[in-house]
Amino acid sequence: IGWVLRRLRKERPNLILVSYAEELRREHGLRAMEAGLAAGKRRMRPIYLTAMAAAIGVVPLILSRSSLWGPLGTVVCSGLLFGMVLTLFVLPVVYGLVMRSEDEPRQGSPAAPTLAGVLLLCLLLPVVAHAQQAPLTLAECKKMALEHNAATQEAALDIRAAQQERAAAATKRTPQISSSVLGYAAPTSLVSMMAQSGKTGFAGQGSLEQVSAIQPLYTGGRIENGNRLAALGVEVARERQEMARRDVLAQTEENYWRLVALAEKLRTIQAYQELLAQLEKQVSDALASGLITRNDLLKVQLKRSEAALDRQRLESGIHLASRDLRHHIGLPDEDSIALADGLDKPLDPASLEMESQQRGSERVELRLLEKAVRAEDLQIALKHGEMMPTVAVGGTFYRYDFAGLPGSTNVAAFGTADIPISKIREIRHAVQAERERKQIAELKLNDTRELIGIEVLKTWSDLQDAWLATKVAVEEIAQSDVNVREETDKQANGMATYSDVLEAQVLRHQAQDRMMDARSDYWIKRSAYLRSIGSREENW
């Protein structure tokens, strides 16, 4: 132990526990030192157990794999573990640096608090950096939107409701069991009769218990068609969920690219403001030298004011777009959000044209309308079934106990046949109404199929126009760069004014804005085209 203490003293860790052990050794000897070490361990044990229990308590959040609660659980767990290490190991070292022993020399001691502060700052900086929200990619935003958006949650609840309705319809196939209990009491006898011994009354009070079961044998197909209709309702709910997911993905992509375009514009206008500031300085120097008039300086100042106004509008738009995207993907309401993607270079959409010819008829709307026609067929079959007789068999178990009569228990079996004679004309009219509704559903299906074909052609045309617009924007930026260089060279040689240079800079800034708008519009039009042809989620 003495060798270990000398080794620790040589390397100068300055741990509180070691310092405390050395003090005990000097004053009370080796046994007191060992007792002090044991006491120090006992003091550390509650800190360790408390921190570990709290850290383990948030492990279910991490294991949930939720995009909202998973990162929160990771941060809390790592923070608790880091705090435990900080309390047990780091803080004693810092304390030893600050509060040195009295037998050590005082020379250089004022630097100890500074060193301790620097050490704490270095330890806390990674934690602060980790607490910042990581930039979100488009794929992460889509995943969060599918998990937390209200439309997808409502669609999931609709599926559950349809499944419960299907389970309820399936119970019609099983025997219908019912039970009833009747009890009564009357101040006088309900029934009286004359007997040889005189007038006798009975049944002033009594009870009746009955349990019956009825199994339908033939219902005209109503039970089967009802179950088919309930199963079709589940399929319709699933199709609606797919449509909701598709619309949520399209809206997420549109909000994402719009916000990315606004952020790119903000960086562009910041660079433009820096150029205007440099140009204003040059114009001010030229004006002070008497080379130009004050009109040129006023033009530059006016453009700077306009740029400041455009920047303020952009920042307001970014705040609103950020709140809209955060609300759409289920994040807390704030004014900013970090995005990882930029406006990538557009891709040639020629490869998507073949996909539109192969998949143009797979829209969810068409499948829903086809199921609507099937639902009308089932409704017609149900109405026909109401004209058919209903045959069922059953049995009953009953027991009665009336005052004045002996109690009795009995079992009976029975069969029933129900023929709706007077309702046949009414049902025929109802069947004809369902047939008319089926024709309406078929007309909607055919009309929607034609409209979808027109929509596919329009979105394809818009996508091609957006692709060509991006190419034109690239050429415009190249031309504006050449124009800026030429006007700058002319101004340096005295062949152009600062107004010409300013105009060239303005045109270049406008070209960059149009480039951002063209790229953002391309990705939005591409999303709309994929939506119109019914492309699957993994292809977006």
Side-chain angles (χ1 to χ4, degrees), residues 60-73 75 133-167 230 232-263 316-341 362-369 371-372 448 455 459 520 523-532 534-540:
L61 292 179
I62 303 175
L63 299 180
S64 66
R65 295 184 179 179
S66 172
S67 57
L68 181 61
W69 298 108
L72 178 61
V75 171
Q133 183 185 21
L136 297 175
T137 62
L138 178 59
E140 292 173 345
C141 288
K142 288 181 178 180
K143 181 180 178 182
M144 295 174 66
L146 292 177
E147 292 178 357
H148 305 295
N149 190 269
T152 56
Q153 293 177 353
E154 291 176 4
L157 292 176
D158 286 339
I159 292 178
R160 295 179 185 176
Q163 290 173 344
Q164 295 298 325
E165 291 177 356
R166 181 180 180 180
L232 185 63
V234 176
E235 296 179 8
V236 169
R238 295 188 186 279
E239 297 290 353
R240 289 177 178 172
Q241 183 189 37
E242 182 178 347
M243 185 169 61
R245 291 171 65 91
R246 181 203 63 190
D247 294 339
V248 166
L249 288 176
Q251 187 64 38
T252 303
E253 189 161 355
E254 182 177 351
N255 294 344
Y256 190 92
W257 291 124
R258 182 177 292 112
L259 183 56
V260 169
L262 290 175
S316 300
I318 289 175
H319 291 164
L320 292 176
S322 300
R323 296 172 75 94
D324 188 16
L325 180 60
R326 293 180 71 93
H327 171 73
H328 186 72
I329 64 178
L331 289 178
D333 194 9
E334 294 181 8
D335 291 338
S336 62
I337 184 173
L339 303 181
D341 298 330
E362 296 187 10
R363 284 281 294 271
V364 181
E365 289 85 347
L366 294 179
R367 298 200 297 267
L368 282 173
L369 290 175
K371 287 179 173 58
T448 303
E455 182 183 355
T459 54
S520 173
W523 291 109
I524 293 175
K525 293 297 176 56
R526 184 177 183 273
S527 173
Y529 173 70
L530 293 176
R531 176 183 179 276
S532 67
S535 181
R536 300 186 183 276
E537 296 177 5
E538 58 269 15
N539 297 330
W540 284 45

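The figures that follow rest on heavy atoms only: side chains count, while hydrogens, waters and symmetry mates do not. Heads up: numbering here begins at 1 and tracks the sequence.
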Listed partners of Arg166 passing salt bridge (charged side-chain N to carboxylate O under 4.0 Å, His left out), at least two apart = none
Test salt bridge (charged side-chain N to carboxylate O under 4.0 Å, His left out) applied to Arg323 - qualifying residues, sequence neighbours left out | Asp333, Asp335
Derivation of the side chain to side chain contact (heavy atoms under 4.5 Å, CB included) call for Ser322 and Leu259 = CA-CA 7 Å; Ser322 300; Leu259 183 56; 3.6 Å; yes
Would you name the heavy atoms of [X] and [Y] that are closest together and state the gap between them?
| X | Y | answer |
| --- | --- | --- |
| Gln153 | Glu147 | NE2-O, 3.5 Å |
| Ala162 | Ala237 | CB-CB, 4.1 Å |
| Thr459 | Tyr529 | OG1-CD1, 3.5 Å |
| Glu140 | Pro135 | OE1-O, 3.7 Å |
| Tyr256 | Ala340 | OH-N, 3.6 Å |
| Val364 | Glu239 | CG1-O, 3.2 Å |

Would Arg246 and Arg363 count as a side chain to side chain contact (heavy atoms under 4.5 Å, CB included) if you check the C-alpha gap in whole Å, the side-chain angles of each, and the deciding distance to 0.1 Å?
-> CA-CA 10 Å; Arg246 181 203 63 190; Arg363 284 281 294 271; 3.5 Å; yes
Do the side chains of [Y] and [X] get nearer than 4.5 Å, heavy atoms only?
| X | Y | value |
| --- | --- | --- |
| Met144 | Arg326 | no |
| Leu339 | Leu325 | yes |
| Met243 | Leu368 | yes |
| His148 | Leu331 | no |
| Arg531 | Glu455 | yes |
| His328 | Asn149 | yes |

Test side chain to side chain contact (heavy atoms under 4.5 Å, CB included) applied to Leu136 and Ile329, step by step | CA-CA 11 Å; Leu136 297 175; Ile329 64 178; 4.1 Å; yes
What distance do Glu235 atom CD and Arg367 atom CZ have between them, rounded to the nearest 0.5 Å?
-> 11.0 Å
Thr152 side chain vs Leu146 backbone, donor-acceptor pair below 3.5 Å = yes
Looking only at atom types and distance, does a side-chain atom of Thr252 sit under 3.5 Å from a main-chain N or O of Val248, one as donor and one as acceptor?
-> yes
Derivation and outcome, salt bridge (charged side-chain N to carboxylate O under 4.0 Å, His left out), residues Glu242 and Arg238 = CA-CA 6 Å; Glu242 182 178 347; Arg238 295 188 186 279; over 6 Å; no
Do Gln251 and Asn255 have side-chain atoms, one donor and one acceptor, less than 3.5 Å apart?
-> yes
